Amino acid sequence: MTDTDTSPLNATRKPASPERGDAHRWLFYLVPVAALAVPFLFNDYLQYVANLMLVYVLVAVGFNIVLGNLGQLAFANTAFFGMGAYATGLLMAKLAVPFWIAIWAGGLAGALAGFLASAAALRGIRMYYLAIMTLAFGELMRWTYIHAEAVTEGSSGLGVPTATVFGIPLDTEAARFYVFLAIVTLVVKATANLLRSRVGRAFQAIKDNELATAALGIPTSRYVILAFVWSGAVVGIAGGMFAIALGRVVPESFNLLELIMHFAMVMVGGVGSLAGSVLGGVVITAAPELFRSYPGMQELFLAVLIAFVLLFMPRGLASLLARVSPLFRERFYRE
Amino acid sequence: MTVKSLLIAAAASLALAVPSALADDTTGLTKDTIKVGVPGPFTGDASSYSKAEIGLDAFYRHINDEGGIHGRKIEVIKADTACNEARGIAAAKKLIHQDEVFMIHGNSCSGVALAMKPTIEEAGVPWMIAHAVADKLSTPVVKTIFHGVPTSRDAGTFMAKYAMSRPDTKRIAIVAHSNEWAQSYRRPLVESLDEDHGIEPVLDMTMERGSTDATPQILKIRQADVDFVMAILYEAETAIFLRDAQKYGLDVTILGGYGTDLENTLKRVGDKDAVKNYQVLHMFQNVLGEGDLKTWGDVIHKYYPDEKLTAFSFAGIGSAIAMAKALEAAGPDLTREKLVAELDKIRDLDTGVLASDVTFTPEDHAGAKDSGVAAFDENGDIVIYRSWGQPF
């Protein structure tokens with residue numbers, strides 16, 4: 001890694017004005033603070049949906065790192081998600097590991113899966129070839145969950161015990177919501193910081209022109225690995241939360257259809273946008289719920305929504321935010 | 001708002017969020033209505049199974065037109081699970097906490113039903129499972145959960161019994177999906193072959209959902225010279241398996257689980273010769289268009305004129321008849337406890353639809369044990385068998 005002052009990654013960006021910086025900070029925390037009211041306002045069902053939204057916010061944030069920020073057409077997201085879910089679930093169910101350790105272990109497992117997935121990218125495999133290889137990796141992982149029956153309990157799935165935090169059982173949707181909200185806030189903040197750092201700029205440089213980036217002396221391989229590992233870790237943590245939310249981990253949850261939904265979250269939210277990932281995770285999770293009581297309408301609405309966004313907002317819902325406020329453009333959204 | 005006040009608010013919310021005690025046991029009842037939640041896969045690649053829930057809805061509309069139960073009309077609230085675990089839990093929670101139903105009746109897709117089970121069990125809402133077959137849904141017994149169709153354990157055991165009722169059966173191959181639905185048939189099937197009949201399958205293979213080619217499985221089966229194939233596959237994959245079996249001249253009996261029905265399989269394959277060796281578990285006394293299936297088929301068409309009937313259309317009717325009987329017996333002062341108590345009293349109920357009588361006891365909520373097997377006879381007519389060569 002080139003750490004000299006001449007590295008293009010060390011080039012300073014024009015700082016935002018102090019006023020705007022404060023506004024950014026408040027804006028970032030405004031959403032989770034406002035979200036604290038959710039359990040007061042919503043019933044158990046809507047709280048559960050809110051919990052799923054938080055899970056899928058991280059799923060989209062993680063996916064977007066490789067897809068949007070690094071610009072790699074890699075589809076191992078269900079592998080990361082499943083590894084996180086199974087690691088968390090197995091540690092809690094089989095070894096009685098406390099939730100707070102198990103959830104981060106889920107992140108580690110996802111990071112490991114990310115590291116494995118990066119191997120293909122490091123061999124210079126790109127575009128459709130990388131897409132199909134990572135797809136195969138995801139399916140291989142699902143096959144493993146099914147057939148490693150002695151460990152994973154196979155197709156019948158693994159029951160996950162109730163998580164406990166400081167002796168308080170997370171046996172209600174509200175309790176899970178607060179813990180999930182804290183985790184998501186922490187992970188999104190850390191990811192935002194990473195993407196604003198020289199590492200994030202390296203991701204962007206690789207996305208823009210990998211050869212030129214390497215020619216500048218930037219060790220692209222390391223950054224590619226880092227992007228996959230961070231993406232895997234974020235999605236792995238989401239997997240752990242998913243296991244807790246459902247109380248069960250089954251291989252069917254990590255199939256190709258699930259991957260398509262993850263992809264839709266990134267596309268609808270905005271490729272390469274952190275705010276877009278958050279929006280995509282929330283909207284794609286919430287949209288089908290609006291039509292749950294109208295059989296057959298869920299898929300139709302989802303399809304129309306995706307088509308509408310892609311046709312009229314090709315940069316996703318985040319572009320809408322960027323239009324509304326320059327704060328989002330500067331902080332969360334890159335043209 | 002200060003950080004301290006936020007923390008206090010959060011703590012207070014945690015305290016308030018303790019599960020609202022088991023809802024009042026008359027939740028979902030008015031003097032005129034009974035709210036019934038009907039979850040099912042109305043969208044997604046398993047949406048053909050939602051015919052079971054359509055049948056249920058038609059049954060309850062028919063009950064309403066007949067005057068309801070003790071003057072109460074059934075208000076069906078459908079909820080789409082898309083055959084997806086996370087969405088299934090959301091559907092259950094919506095029915096329980098938002099729609100506040102009195103009871104739940106339905107659900108296809110075993111894996112999804114298993115995921116929904118803790119939510120429904122915790123809420124204490126009576127649940128009649130109308131189509132999903134995983135035996136873990138009703139065993140061990142949960143006071144409020146009843147199984148209105150044969151479980152996969154009973155079905156898998158029956159498959160072994162049926163295959164071995166043919167005198168010359170010695171070599172059996174299994175082809176199954178890797179999901180819980182198929183494996184919950186396969187496990188008891190293998191156990192029963194071993195424990196009750198002293199044989200092991202010569203082949204035990206997987207064919208994944210979404211497969212478009214069964215050539216490897218067919219060629220292996222041919223090579224192994226088997227004389228009975230258990231194909232525990234969903235509809236689309238069964239059609240592919242049968243198509244390739246015909247293509248490669250595989251001439252052995254193929255027995256399917258409850259994932260298909262004979263008429264629909266014939267329609268999908270489009271060639272009677274390709275399905276001549278196909279037989280399938282059948283949970284009904286009759287075939288489509290005959291007996292009570294004709295009667296209830298007409299009822300379904302009354303409310304859903306364009307509905308295409310398959311065996312799935314009737315999967316919920318037998319349990320609905322049992323449910324109506326229990327609701328009637330519980331009297332006008334209906335409560336959830338009374339309903340559960342009356343369900344527990346049902347003995348040897350001949351629904352006219354299911355091949356098996358329905359019996360619930362407080363110790364056993366898997367109400368229907370027996371199956372039949374539907375097959376084409378030499379004239380091309382469908383016959384229901386109890387065992388090899390023994391018509392129902």
Side-chain angles (χ1 to χ4, degrees), chain A residues 33 36-40 42-49 52 55-56 139 142-143 145-147 149 154-157 159 168 170-178 181-182 242 245-253 255-258 261 285 288-289 291-300 302, chain B residues 1 3 6-7 9-10 12-14 16-20 40 42-45 47 50 53-54 77-87 89-99 110-112 114-115 117-119 122-123 134 136 177-184 187 206 208-210:
Chain A
V33 167
L36 288 172
V38 163
F40 292 102
F42 299 130
N43 63 30
D44 201 60
Y45 153 62
L46 293 172
Q47 287 175 34
Y48 169 77
V49 175
L52 282 186
V55 169
Y56 284 109
E139 285 300 288
R142 194 167 68 86
W143 183 91
Y145 310 142
I146 293 166
H147 294 283
E149 206 166 336
S155 59
S156 64
I168 303 167
L170 304 185
D171 55 0
T172 64
E173 297 300 339
R176 285 189 281 273
F177 177 80
Y178 285 123
L181 186 65
F242 188 66
L246 267 65
R248 188 168 191 82
V249 190
V250 290
E252 287 284 294
S253 297
N255 59 19
L256 286 175
L257 187 64
E258 180 75 10
M261 295 305 287
T285 309
E289 297 306 324
F291 291 90
R292 180 168 297 285
S293 299
Y294 306 97
M297 292 301 290
Q298 283 180 303
E299 283 177 334
L300 185 65
L302 207 55
Chain B
M1 187 179 265
V3 172
L6 276 172
L7 287 173
S13 159
L14 277 173
L16 288 171
V18 173
S20 44
F42 295 99
T43 56
D45 58 3
S47 57
S50 70
E53 282 74 36
I54 300 289
I77 300 172
K78 294 178 198 159
D80 190 4
T81 67
C83 205
N84 170 289
E85 282 78 10
R87 292 206 209 172
I89 295 172
K93 284 184 178 282
K94 177 181 176 289
L95 290 172
I96 294 166
H97 299 288
Q98 187 154 300
D99 301 319
S110 290
V112 177
L114 282 167
K117 184 181 170 183
T119 298
E122 187 185 43
K136 289 176 189 167
H177 292 316
S178 59
N179 65 1
E180 177 56 14
W181 169 79
Q183 295 301 312
S184 67
R187 282 189 294 266
T206 301
E208 292 294 357
R209 287 178 72 182

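Small disclaimer: the values here were computed from a predicted structure and weren't measured. Residue numbering restarts at 1 for every chain, and letters A, B, ... go by the order of the sequence lines.
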*Derivation and outcome, side chain to side chain contact (heavy atoms under 4.5 Å, CB included), residues B/Gln183 and A/Ile146*: CA-CA 10 Å; B/Gln183 295 301 312; A/Ile146 293 166; 6.0 Å; no

*For residues A/Tyr48 and B/Ala90, report the shortest heavy-atom separation together with the two atoms involved.*
CE2-N, 3.3 Å

*Measure the spacing between OG1 of B/Thr43 and CG of A/Leu300 and express it to the nearest 0.5 Å.*
10.5 Å

*asked:* Between B/Ala86, B/Pro118, B/Ala182, who has the most heavy-atom pairs with chain A when the cutoff is under 4.5 Å?
replied: B/Ala86

*asked:* Please classify the contact of A/Leu246 with chain B as side chain, backbone, both or neither, using a heavy-atom distance under 4.5 Å.
replied: both

*Using non-hydrogen atoms only, which part of A/Leu256 is less than 4.5 Å away from chain B: side chain, backbone, both, or neither?*
neither

_Let me confirm one number: the CD-CG distance from B/Glu122 to A/Asp171, rounded to the nearest 0.5 Å._
7.5 Å

*Scan B/Gln98, B/Lys93, B/Lys94 and name whichever one has a side chain to side chain donor-acceptor pair (under 3.5 Å) with A/Asn43.*
B/Gln98

*How far does OG1 of B/Thr119 sit from CD of A/Glu173, to the nearest 0.5 angstrom?*
7.0 Å

*Would you mind checking which part of A/Glu149 comes under 4.5 Å of any heavy atom in chain B, side chain (CB onward), backbone (N, CA, C, O), both or neither?*
side chain

_Heavy-atom proximity to chain A below 4.5 Å, by part of B/Thr206_ = side chain

*Among the listed options B/Ser184, B/Gly40, B/Gly111, B/Ala91, the residue most often paired with chain A at heavy-atom distances under 4.5 Å*: B/Ala91

_Report which part of A/Phe242 has an atom under 4.5 Å of a heavy atom belonging to chain B: side chain, backbone, both, or neither._
side chain

*asked:* Under 4.5 Å from any heavy atom of chain A, what part of B/Arg87 do you find: side chain, backbone, both or neither?
replied: both

_With a 4.5 angstrom heavy-atom cut-off, is it the side chain or the backbone of B/Asn84 that approaches chain A, or both, or neither?_
side chain

